[in-house]
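Accompanying notes for the structure given below.
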Amino acid sequence: MSKRQKFILRRAGSALVIAFITITFSFVLFRALPGDAASNLSRVPNMPKEAQAALRAQFGIDKPLTTQYLLYLKELARGDLGVSFQDQQPVLDNVLRTIRNTVVMVGIGTVVAILVGTLIGVTAAYRQGSARDRVITGAAMVIYSLPVQWVGLLLLVWFAGWLPTSGMSDPYLFDAGFLETFVDRARHMILPATCVALMLFGSFALVVRSSQLEALGDDHVLTARAKGYRNRRVVWREAFRSAMLPLVTLSTLTLGWVIAGTILVESVFTWPGIGQATVQAVAARDYPLLQGIFLLVTISVVGFNFLGDVLHSVLDPRVAE
Amino acid sequence: MRLARALLHRPTIVAGIVIVMLFTVVALLAPVLEPYSVKSASGEPFAPPSATHWLGTDDAGVDMLSLVIAGAQNSMLVGFAAAFVAVLIGGTLGIFAGYKGNWGETTVTGVTDFFLVIPALPLMIVLAALFGQTIYHIVLVIGLLSWMSVTYVVRAQVHTLKERGFVGRARSLGAGDFFIVRRHILPHVAPLLVAQTVLTVASAVFFEAALAFIGLGDPARVSWGTIIENAFLHSAVSAGAWWAIVPPGICIALVVLGSFLVGQGVEEAMNPRLGSAHVSPKSFSLRRATAKDEA
Amino acid sequence: MKSSRKAGRRMVVFTVLAALVLILAATAGCGGSSTETSGSSDSSGGDQPVYRLGTVGMGYDSLNPFVGMYAQDYAAWMLMYPNLVQYSNELQPQPDFAESWSTSEDGLTWTFTLTSGAAWTDGKPITASDAAFTINTVVKLQTGAAAALSPFVPGIETATAVDDTTLEVKLAAPSAALLANLFQLPILPEHFWAEYAKGDGAKLKTVTMDPAKETVVASGPFTIEKLDIKGTTIFKRVDTFYGPKPMITGYGFQLFTNADAAIQALKAGEIDCVYQLPPTSSDTLKTDANLQIEGFGGSMPETLLVNDSENNKKHPELQELGVRQAIDLAIDRTAMIDTVYNGFAVPGGSLLLPLYVPQFLSADVPVTGRDVAKANQLLDDLGYAKGSDGIRVADGVEMQYTLLVGAMNRAIDSRIADMLTQNLAEVGIGVEQKLVDNQVPLIMTQPKAYTDFDMTLIMWGLTPDPDWSTLISTSTMLGAYNLTGYSNPEYDKLWGQQTSEMDAAKRTAIIDQLSAKLVQDVVFHPIAYTQMVTSWNKKWQGVPEGGAPFGYYSYLNKMQFNALEVTQ
Amino acid sequence: MKTVAAQPPEAIAGETTHSVLEVAGLHVWFDAPDGRSAHAVRGVDLTVAAGERVGVLGESGCGKTTMILAAMGLLPSFASVGGSVFLDGIDVLARGEQSARAVRWTHAAMVFQGAMSAMNPVYRVGKQIADPMVVHGQRSRAQARQRTAELLELVGLPTSTARRYPHELSGGMRQRAVIAMALACEPRVLFADEPTTALDVVVQAQIGDLLAELADTLGLALVMVTHDIGMIAETSARAVVMYAGVVVEDGPTFDVLTAPRHPYTRLLLEATPVVNRNRPLVSIPGTPPRLDEPISGCAFAARCPQAFDACAVRPRLTGDSHVAACHALEQERPA
């Protein structure tokens with residue numbers, strides 16, 4: 001087994017441990033929430049006592065905590081996250097349906113943010129201290145500082161009428177061809193994805209700038225210059241190639257924050273994703289759904305961190321040491 | 001202390017501190033500064049800015065300037081209190097981990113890593129919904145989930161302090177752990193803790209606004225977050241009442257920007273390697289040596 | 001040098017585009033083609049386009065009748081399933097699936113004659129056995145899987161299909177409100193639901209009502225074409241519907257999470273109508289020449305509830321009538337309606353709607369005028385003197401109360417709460433607001449009945465018959481919808497009388513008494529009958545009152561969309 | 001891809017000995033953002049013939065590294081350069097970065113201080129050696145790969161090294177790889193900047209030997225900058241001593257080390273521990289002058305035990321094959 005494989009295995013092991021802790025943490029957290037689950041579950045105020053008892057039995061709330069915990073683990077292992085209080089459909093279905101919508105929008109926003117942030121960060125670092133650098137860095141800092149919900153609202157005002165301001169697609173677009181559907185989807189995507197991109201771009205630009213600055217000071221960059229490489233090659237292939245490592249880490253580490261920010265973006269643009277589902281689950285005290293979202297989001301962050309580790313080990317041969 | 005003095009020489013840090021201090025002063029003097037009550041209407045709903053209402057009024061005719069000032073009070077309170085909680089936890093754990101090393105460090109790093117993984121805002125939402133929405137709970141919830149970076153930064157600093165030999169020397173003179181931490185570690189970590197506090201203030205203000213936006217703010221208090229949320233709920237933007245939404249957003253942005261400037265400055269100060277790039281668009285320049293140069 | 005730079009940029013642009021195309025293609029593929037039919041395919045001369053509705057804040061929770069609890073769900077079922085009867089906008093029962101009905105002498109047996117020749121969307125006939133199946137299933141499972149529908153079958157023992165068009169319903173006791181209860185019960189197709197209803201009926205709740213996953217069997221005038229509860233759910237017209245057909249070929253129902261997005265969509269012409277708008281947005285909407293804005297209804301009383309139950313150990317003084325009267329006198333209803341509702345509300349006098357006059361009530365209850373001096377006098381007379389902080393002390397207890405504000409309607413409620421706090425401060429009563437989610441006022445009364453709150457604000461959605469509106473103050477509803485803890489044997493007795501009184505005039509007299517009791521004992525502190533602020537594109541004519549399938553008016557009958565047409 | 005060579009200066013063209021490096025009147029200033037300027041190299045003349053091995057000696061900060069960086073145009077943007085550098089006949093400084101790039105790696109290569117960081121940690125060794133050949137259009141990728149293997153063998157590394165990452169190599173191996181990298185484009189001049197720091201003594205000697213050997217077999221001019229007198233003794237035929245940005249002594253290594261003519265060189269040698277000589281170390285009193293302030297006269301005068309009035313004027317290099325810049329020497333000379 002190579003060092004890298006060992007490294008990846010070790011990381012996978014620790015990711016699994018963290019995932020397990022998260023699962024347990026979420027059990028404790030949601031069993032500690034106030035309000036007897038049965039009174040929520042019934043959602044009918046004049047529910048007879050025996051019916052409540054039946055519900056408790058059905059959801060296992062009448063059993064001792066350890067039994068509940070084991071049951072919870074068993075069901076989790078089967079991919080059963082319980083049933084949403086609101087629509088009585090499996091939580092997993094609910095979460096997967098909404099997370100798919102989120103991933104598309106956030107994915108595009110993040111990719112744009114990373115690309116633009118990288119381009120701008122590298123440019124700023126290359127021209128460190130110049131007027132262009134100051135403008136770029138200043139703008140990145142200001143954008144980074146703006147509350148995302150506020151930015152979203154301003155976008156909504158400015159672009160209302162030009163671009164759709166809510167939803168994922170025009171639901172009334174019947175019998176549309178692929179191109180028409182595609183254009184419609186893209187138009188709906190622009191504002192929320194831009195909002196996500198704006199939210200992330202600042203921190204990406206600043207991190208790239210600072211890690212690129214550090215990389216530009218590395219000795220091997222001087223070597224590259226001595227080799228007679230053009231500056232473009234030195235900047236991108238030599239300096240940025242090592243400066244992108246923190247970027248990879250940041251991209252995966254801030255994922256938790258991305259989802260957090262998504263909650264706000266989705267609220268502004270009525271995007272039917274995981275963020276909106278979270279807000280509605282909070283409002284309706286839909287604990288099973290909330291737990292499902294929390295679990296899946298956390299586990300996906302763990303997964304992305306692991307992915308980050310793997311990527312890191314691929315990009316930086318030293319990591320495995 | 002030398003570090004503190006070095007930090008104060010950087011214009012970005014000074015600018016950041018000035019911004020944050022300005023809002024802190026506004027927050028402290030809020031009751032004096034508010035021109036009108038924030039509990040009752042003092043004008044027409046959504047009245048535009050005028051001589052009587054400098055920033056106009058909100059949907060209920062409450063003076064916006066008063067709201068923003070009152071908002072400063074609670075937003076900054078949440079910011080500082082949560083930052084205090086976070087720095088207290090993070091600082092303690094960081095010093096402990098850096099000073100103790102070994103199992104202490106492993107444990108702290110493990111716990112910190114775990115908390116870093118958990119997405120903060122979703123957990124904050126769950127906890128805020130669980131605890132109930134008073135300002136104290138919001139402070140706790142934000143503080144309890146914002147200490148991780150402090151731990152890492154402080155731990156690293158304590159490590160370098162240890163390497164510089166203070167600790168060994170002090171110990172060889174028979175000093176106890178508590179004494180060493182208090183006399184040798186804390187003073188050197190203090191400027192860092194201050195910088196981290198300022199940074200955490202910003203993220204706490206940010207998080208408060210996010211929670212408020214989702215409807216998890218303290219309903220009995222005005223904060224910048226609840227002002228924005230309120231503007232949303234009452235469709236201030238469609239009503240064309242930009243004054244009901246722009247000021248709190250700018251306040252949040254300024255505080256975040258201010259503390260970010262501080263953070264950025266501290267990073268630059270602690271990382272002097274930045275600024276010696278081996279490649280730049282401009283090449284060296286040519287100059288003719290003068291007789292004086294040859295002298 | 002230049003060309004390589006350009007190439008680099010082109011690479012970046014290309015990568016972004018490629019990513020966009022890939023991801024979009026993936027989503028377009030999975031969503032775009034699943035809707036096979038469209039409203040326009042069966043277009044005939046008079047067909048009108050799909051009516052696109054938007055709402056703010058509260059949408060569907062589920063369109064499965066055994067799961068959904070939100071008012072919007074009921075409105076959708078009214079347009080999807082047969083009901084025995086429906087109500088006119090004047091609150092008169094009218095035939096729907098039942099063409100006529102009669103009652104036996106003892107009032108215990110009701111016989112309905114049903115429409116013949118009606119068919120479900122899958123072609124199967126709609127018969128009395130479908131109705132009997134639905135009623136019997138709900139009766140059988142009313143404490144279990146069918147609990148959500150149980151309020152619509154109170155007192156029913158059994159239903160029998162005598163033949164295809166004759167349904168017999170047997171009651172335990174005579175009920176004047178039977179039609180008012182039954183009118184909300186959707187009649188479900190037996191051939192679809194029977195297998196789910198087996199045993200304890202737990203499977204009933206697993207039906208998704210998503211045409212992409214399973215057949216949706218309905219009667220019309222509309223049925224679900226595309227289900228997206230968090231986004232836009234689209235209904236298409238059912239051309240085999242047994243009743244009068246609407247002109248629109250369908251309608252869509254879109255949930256917006258904030259009003260601004262909804263308003264922008266309306267202005268941009270992405271939707272035709274938005275309801276549940278914040279009243280403050282009306283001023284700007286009025287300036288848009290294409291839009292009409294109106295407040296509809298006045299059927300949802302915003303009410304302050306005071307926990308005057310004896311279980312409220314902390315504040316026994318709330319049981320004093322004088323205290324409740326003082327609170328009522330202190331409320332500045334006019335100011336609230338002016339600022340909070342921007343005029344889209346009328347002051348409220350009782351929980352019983354002015355609309356019940358003259359059908360069920362002989363006169364409306366007058367609104368309590370504001371009289372701070374009198375309120376202070378009442379409290380002074382009780383000997384509750386103000387303490388040093390300006391808050392009165394009642395028998396050693398500070399009159400400092402916790403006011404629960406529901407999160408769901410907090411845009412309005414928190415404003416009302418602010419003003420209440422001001423109003424009550426003037427009579428020496430302190431109020432501290434506590435934000436809770438909507439269910440909490442209900443939940444809190446359950447395990448620790450009437451112990452944990454002093455006041456709450458609630459917006460009621462009331463039924464077309466006062467039976468329910470008066471029921472909620474009876475002792476049988478203690479621990480349930482009786483949120484104030486009001487308990488009065490005399491009232492309970494009167495309620496029993498009205499519910500079994502089949503003579504309309506006599507019943508009116510009893511309801512008058514019930515109404516008087518509620519006012520006299522200050523059980524509720526109604527603040528305002530709120531209107532639904534609705535705005536729509538002027539090209540549409542015949543917009544129903546309320547503009548939308550929601551709330552009080554909209555689920556009265558199946559005809560609400562029938563007059564809708566585009567005129568420009 | 002060789003650019004058209006600039007017209008070589010007549011002085012050189014006329015001469016019989018072919019010099020590959022011609023530094024004349026080189027000045028380097030580092031301009032700080034606050035307007036101050038450090039004068040790091042203050043008028044250096046240095047001519048190196050093809051195949052010649054020159055060791056440049058001096059304390060850190062004396063400008064020796066700056067001088068060789070300037071020779072390849074590798075100075076940062078805040079540097080200003082005066083004078084001229086001709087490399088293989090090409091005017092390096094004439095058109096800034098552009099002309100400098102024309103000589104880099106193809107005419108002159110450099111072995112940097114700190115083998116640890118001189119290579120990019122994320123690329124395989126082979127790629128780092130081969131890339132310049134491809135970039136400069138000298139070889140196809142396949143040819144470059146072939147040549148890489150040869151180069152690795154040349155510096156005494158197994159050809160499999162090409163597939164390793166820098167961090168997988170020991171310090172000595174890494175420095176060999178760096179040398180192989182420097183030889184990739186067959187330069188005429190090889191600059192080596194403290195090539196053996198951070199290596200252990202045995203490896204230091206090996207690397208020094210390797211460099212000397214390669215210079216001889218390949219006919220390379222080797223300019224090695226170091227503060228290690230032993231290294232100079234072993235590798236260089238000629239020694240140049242720098243102090244405060246000027247050359248103070250220049251001559252055959254044996255002569256310079258055994259019979260130093262400049263007081264600074266003498267003190268430097270006394271301050272250096274030499275293995276086979278057993279005598280007390282003497283440190284040079286005082287500190288080198290600040291470079292951001294003008295220096296008039298002899299820069300070493302302030303520390304020089306032999307300083308006298310004439311030292312207020314800047315001394316010139318005097319002598320025949322072994323030159324030094326000291327007024328004391330001029331006095332010694334018979335008039």
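This structure is a prediction, so every number in the text was calculated from the model and none was measured. The sequence lines fix the lettering, A, B, ..., with proteins before strands; numbering per chain opens at 1.
Of the listed residues (D/Arg124, D/Arg104, D/Met72), the greatest number of heavy-atom pairs within a distance under 4.5 Å of chain A belongs to D/Arg104. Among A/Thr223, A/Leu245, A/Leu315, the residue making the largest number of heavy-atom pairs under 4.5 Å with chain D is A/Thr223. Ranked by heavy-atom pairs under 4.5 Å with chain A, the list D/Asn120, D/Leu69, D/Asp131 is led by D/Asn120.
For the residue pair A/Tyr126 and A/Asp133, no side-chain donor N or O sits within less than 3.5 Å of a side-chain acceptor on the partner. Under 3.5 Å, the side chains of A/Thr102 and A/Glu266 contain a donor-acceptor pair of N or O atoms. A side-chain donor-acceptor contact under 3.5 Å links D/Asp31 and D/Ser80.
Heavy-atom distances place the side chain of D/Tyr123, and not its backbone, under 4.5 Å from chain A.
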Legend entry - Worked check of side chain to side chain donor-acceptor pair (under 3.5 Å) between A/Ser211 and A/Glu214: CA-CA 5 Å; A/Ser211 72; A/Glu214 200 165 320; over 6 Å; no
